[in-house]
Amino acid sequence: MDNSKPCIVQHDRMVLLECGHDAFEEAREQLSCFAELVKSPSSFHTYRITPLSLWNAAALGWSATMVMDSLHSMSRWDVPLGLIQDIRDLVSRYGKLTLVIDLNVPYQLILKSTDSQLMDEIIQRTGMLTLDMRRISMTELAFHVARRGWLKQELTRLGYPILDLAGYDDGQRLSFSWKEEGVNQAFQLRDYQKDAVKAFEGLPGSGGSGVVVLPCGGGKTVIGMAVMERLQCETLILTSNTTSVRQWMDELELKTTLVSAEIGEYSGQKKEVKPVTVATYQILTHRRTKDSEFEHMKLFNERQWGLIIYDEVHLLPAPVFRATAEIQATRRLGLTATLVREDGCEQDVFSLVGPKRYDMPWRQLELKGWIAKVDCVEIRVSMANDMLDRYHRAEGKHKFRIAAENPDKLPVIISILQQHPHSGVLVIGQYLDQLEWIAASIKAPLISGKMSQQERMGLYDSFRRGEVRVLVVSKVANFAVDLPDASVAIEVSGSFGSRQEEAQRLGRILRPKSLDNRAYFYTLVTKDSKEEDFAIQRQMFLIEQGYEYAIQIQPDTVERVEATDSYTEGGAVLQ
DNA sequence: CAGATCGTAA
DNA sequence: TGAACTACGATCTG
């Protein structure tokens, strides 16, 4: 055993990482490249090495030897032999199967494998020869172009990822450029944005499809536009909501020479199809009745798109995968802050949109000053005795809500507000009753789904101007892209454990700050309740990104609030 | 026929 | 595990 190493590598593909260890930070960075975080209690973080995490690493250029060397350098004990075998096997699978165009037969693709045994294995496991595919040599299988997406999806599911080198249709050409700003100064991309665009383009032959992972505030729309600008083709942009549709359209008009006649909105309100069209996922999946067809999927074929951009690709609805499988000859760019999906369709994103091409951890942007430096603090608030009684008597499903609505969270909120007397603060929660009560108690306006868009805009404006310092917001915070940014967020309750939600909420305070570029994220959790478990689950994504939650335990009510005051100011911050 | 309101889906 | 919110389309209104 070698205690100078931070990890325990287990034969079940789990890796335990000791948190307090000197080499923690470095190990975390390595692991995040080829493993995914599954649990993060305080002393050890648990990572899992999955086929998908290895293939994504392979797509970024990791070899099995590199993964092994990395594991070896971090592991306290010898890396289990079985695992070494598994990693060798899995990583080497990426690239063994390639997809190319048959230059002799039109509409025909060829799946090539590096050895005939592998081809035998695949044919056996899939029974593919019974379909419209022919084995044209020991190592080659020919099939129709229409099967391209289906094949990749199926084989990835079976454990055989395909390196797609079959190329793309360029689509209808569309000329435009960045608009010149000021004194003939065209728009400048940040270095990492240039790198992301380059990574998406890949080497000649590869690239052209895949996912760019960037935190909120990292400029995902800019990267989308930059890829469009490189390709000079008609583009379909898919986003999660109508506000974001308008945002894309505005940005395009503002930063490029495209004019409004060339940019179309395809949503519930309008059905324009123009050289650049921005649509919501929802309209694509809309059906008149439960089992009628998806009538708007035809949008994929209404023009000769040269590029399809999937904004927030982690939200891509399952039915859209099917349409995506059919347009594999079109370049595809996925943009997201997290590849984690609650429905486990990560594999389909990998096989149908493409592998991860670029990943920029939040912490690195923070070091460069592109986003604010955030301190995350989890405050565990205990329950008063009568609440505790109610909690224990309640049925399982009500317990969570009782804990979440713990009224003793209020003094903590007030204390935090006092600690940040000059900052814009967002109080974010899940239950309207609770939020109404808090809003009334601290005399701050509440923004919920009930409030009209106009009223919201008014409040957002006053908040931006500093006339209103504190806003209480409901789940609207998860969707409203126009919510102004603050430097302090207090999460008073959250849903069952969505990592996405936590990421979104943190995103609200990430925009760089003028003074010291610092922001604060507090999450209030009732001590010894179910809420603690869900909080752990929610925080996982941020921990994956390298954030650490300082934990404050709040033993009892008001008089302890002062006690924590000094504690917070002192040291409950990140390094 | 633009804008408000309502029910439904996910 | 449940509540809250959004998007869409249909219907209504001046």
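We name chains A, B, ... by the order of the sequence lines, and we start the count at 1 in each one.
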> Between A/Phe541 and A/His314, does a ring-ring contact (aromatic ring centres under 6.0 Å, His included) hold up when you go through it step by step?
Replying inline: CA-CA 13 Å; A/Phe541 172 68; A/His314 61 285; 8.8 Å; no
>> Under 6.0 Å from the ring centre and within 45 degrees of the ring axis: does the NZ or CZ of A/Lys399 meet both conditions for the six-membered ring of A/Tyr391?
In response: yes
> Hey, does A/Tyr281 reach any base, or is it just sugar-phosphate, or nothing, if we go heavy atoms under 4.0 Å?
Replying inline: nothing
>> I need the CD-P distance between A/Glu405 and C/dG2, as an integer number of Å.
In response: 15 Å
>> Taking the minimum atom-to-atom distance to the side chain of A/Val476, which one of C/dA7, C/dT1, C/dT6 wins?
In response: C/dT6
> Do the ring centers of A/Phe300 and A/Trp305 come within less than 6.0 Å of each other?
Replying inline: no
> Phosphate oxygens OP1/OP2 of C/dA10: is one of them under 4.0 Å from a side-chain N or O of A/Arg288?
Replying inline: yes
> Nearest-Å distance, CG (A/Leu446) to P (C/dC5)?
Replying inline: 8 Å
>> What's the closest nucleotide to the side chain of A/Thr280 if the choices are C/dC5, C/dC8, C/dA4?
In response: C/dC8
>> As a test of reading the structure: which of C/dG2, C/dA7, C/dG9 is closest to the side chain of A/His286, going by heavy atoms?
In response: C/dG9
> Side chain of A/Ser448: nearest nucleotide among C/dC5, C/dA10, C/dA7?
Replying inline: C/dC5
> Tell me: CZ of A/Phe400 to P of C/dA4, nearest whole Å?
Replying inline: 12 Å
> Roughly, in whole Å, what's the span from CZ in A/Phe534 to P in C/dT1?
Replying inline: 9 Å
> Out of B/dA10, C/dA7, C/dC5, which nucleotide sits closest to the side chain of A/Lys475?
Replying inline: C/dC5
> So, is A/Arg456 close to the C/dT6 phosphate, meaning a side-chain N or O under 4.0 Å from OP1 or OP2?
Replying inline: yes
> Counting any heavy atom closer than 4.0 Å, what does A/Lys450 reach on the DNA or RNA strands: base, sugar-phosphate only, or nothing?
Replying inline: nothing
>> Within this structure, what is the CG-CZ distance for the pair A/Leu352 and A/Arg148, rounded to the nearest 0.5 Å?
In response: 11.5 Å
> When all nucleic acid strands are considered with a 4.0 Å heavy-atom cut-off, which category describes A/His398: base, sugar-phosphate, or nothing?
Replying inline: nothing
> Between C/dA7 atom P and A/Tyr266 atom OH, what is the distance in whole Å?
Replying inline: 17 Å
> Once you round it to whole Å, what is the distance between P of B/dG3 and NZ of A/Lys270?
Replying inline: 11 Å
>> In whole Å, I'd like the distance from the CD atom of A/Gln282 to the P atom of C/dA7.
In response: 7 Å
>> Nearest to the side chain of A/Leu432, heavy atoms from C-beta on, is which of C/dT6, C/dA4, B/dA10?
In response: C/dA4
> Considering only C/dC5, C/dT6, C/dG9, which nucleotide approaches the side chain of A/Ser474 most closely?
Replying inline: C/dC5
> Starting at the 5' end of DNA chain C and moving along, which residue's nearest nucleotide shows up first, A/Phe496 or A/Ile447?
Replying inline: A/Phe496
> How close or far is atom P of C/dA7 from atom CD of A/Gln453, stated in whole angstroms?
Replying inline: 8 Å
>> Given C/dG2, C/dA4, C/dA7, identify the nucleotide with an atom nearest to the side chain of A/Asn241.
In response: C/dA7
>> Check this for me: does any side-chain nitrogen of one of A/Lys271 and A/Glu265 sit under 4.0 Å from a carboxylate oxygen of the other?
In response: no
> Hey, what's the ring geometry for A/Tyr431 with A/Phe400, parallel, tilted or perpendicular (30° and 60° as the breaks)?
Replying inline: perpendicular
